[in-house]
Amino acid sequence: MSSTEPIAVIDFETTGMTPAQGARATEVAIVLLQDGRIVDRFQSLMRTGVHIPGFITQLTGITNAMVAGAPPAESVMRDAARFVGGAQMVAHNASFDSKFWTAELAHADIQATQSFACTVLLSRRLYPEARSHSLGNIIDHLGLPRAGRAHRALADAEMAAFLLARIQRDLRERWRIQDARHDLLCGLQKCARPAVSQWLGRRAALQAESPSSPGR
DNA sequence: TGCCAGGCCCTCTTTAGGGCCTT
């Protein structure tokens, strides 16, 4: 049985909403998903010196004392970049995590080169009947397992990976798309939502004609 | 005091408003 390239599913816990306003990461977790299974995990708290507001501690359980004893962010991000390697990346609301990925790597003098696919956009297109596409709600809607304490990086990264695996499975079983690779996911998430069925049908037809190429 | 990001999506459909989603 052929093996697909692993996809790195990432989640950051942070001190705020955007690096543009000085927010920094407090924790990062990355899981590698390959052939529908989590095959490796990376997780670490990180020390940036930026104060964690009280409401963030209430949300995540991550305290200033916890990160004070953590390794420096630059060191963690170097390890994270090595862990990801050349894998393509996925996050739940990727516009959030990709900005922190880029910003935290920049603090470590590393340029981010990975492209991101977003499970929120994919979920909205494939499961329009869901009332909410927040990570916990879509996990419950699809009957997927909860992975631990919500709003901790590893649990959220694992749940996003479960969601991605389900998306890939549904693309295979419902849409006959055998090779739901990262570039297909990126294409699907950019497809206008009302045209998703037509788009998937065309992709499946193209893939059936040329299985080694996902087509355009 | 009240607001605080930004991209996407939907709607009382189009240039604007409001909600979702992430911490």
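Hydrogens, waters and symmetry mates are skipped; everything else that's a heavy atom, side chains included, is used. Just so we're on the same page: letters track the sequence lines, and every chain starts at 1.
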Can you pull every protein N or O that's under 3.5 Å from an N or O on nucleotides 10-13 of chain B?
residue, atom, partner, partner atom, Å
B:dC10, OP1, A:Arg193, NE, 2.6
B:dC10, OP1, A:Arg193, NH2, 3.2

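- B:dT1 sits 26 Å from B:dA16 when the C1' atoms are compared, rounded to a whole Å.
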Can A:Arg203 and A:Leu184 be said to form a side-chain contact (heavy atoms from CB on, under 4.5 Å), step by step? CA-CA 8 Å; A:Arg203 295 291 294 217; A:Leu184 184 140; 3.8 Å; yes

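- Residue A:Phe116 contributes atom CZ, which lies 15 Å from atom P of B:dC8 at whole-angstrom precision.
- Atom CD of A:Gln111 is surrounded by 12 or fewer heavy atoms from other residues, nucleotides or ligands within 6.0 Å.
- For the residue pair A:Thr60 / A:His151, no side-chain donor-acceptor distance below 3.5 Å is found, with atom types taken as modelled.
- Counted within 6.0 Å of CD on A:Gln198, heavy atoms from surrounding residues, nucleotides or ligands total 12 or fewer; the atom is thus considered open.
- To the nearest whole angstrom, the two P atoms, one in B:dC4 and one in B:dG18, are 12 Å apart.
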Could you list the protein-to-nucleotides 20-23 of chain B atom pairs, N/O on both sides, closer than 3.5 Å?
residue, atom, partner, partner atom, Å
B:dC20, O2, A:Arg124, NH2, 3.4
B:dC21, OP1, A:His133, N, 2.4
B:dC21, OP1, A:Ser134, N, 3.4
B:dC21, OP2, A:Ser132, OG, 3.0
B:dC21, O2, A:Asn93, ND2, 3.1
B:dT22, OP1, A:Leu135, N, 2.7
B:dT22, O4', A:Asn93, ND2, 2.9
B:dT22, O2, A:Asn93, ND2, 3.3
B:dT23, OP1, A:Asp156, OD2, 3.2
B:dT23, OP2, A:His151, ND1, 3.2
B:dT23, O3', A:Glu13, OE1, 2.8
B:dT23, O3', A:Thr14, N, 3.0

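- Atom SG of A:Cys118 sits about 12.0 Å away from atom NZ of A:Lys190, to the nearest 0.5 Å.
- Between B:dC12 and B:dG19, the distance separating the two P atoms is 14 Å to the nearest Å.
- Atom CG of residue A:Leu171 and atom CG of residue A:Leu185 lie 7.0 Å apart, to the nearest 0.5 angstrom.
- Nucleotides B:dG6 and B:dG2, compared at atom P, are 23 Å apart to the nearest Å.
- Under 4.0 Å is where a charged nitrogen must lie from a carboxylate oxygen, and between A:Glu5 and A:Arg181 no such pair does.
- The residue from A:Asp79, A:Val9, A:Asp11, A:Ile10 that alone fulfils the side-chain contact (heavy atoms from CB on, under 4.5 Å) condition with A:Ile30 is A:Ile10.
- For the C1' atoms, the distance linking B:dT15 with B:dT11 amounts to 12 Å, nearest Å.
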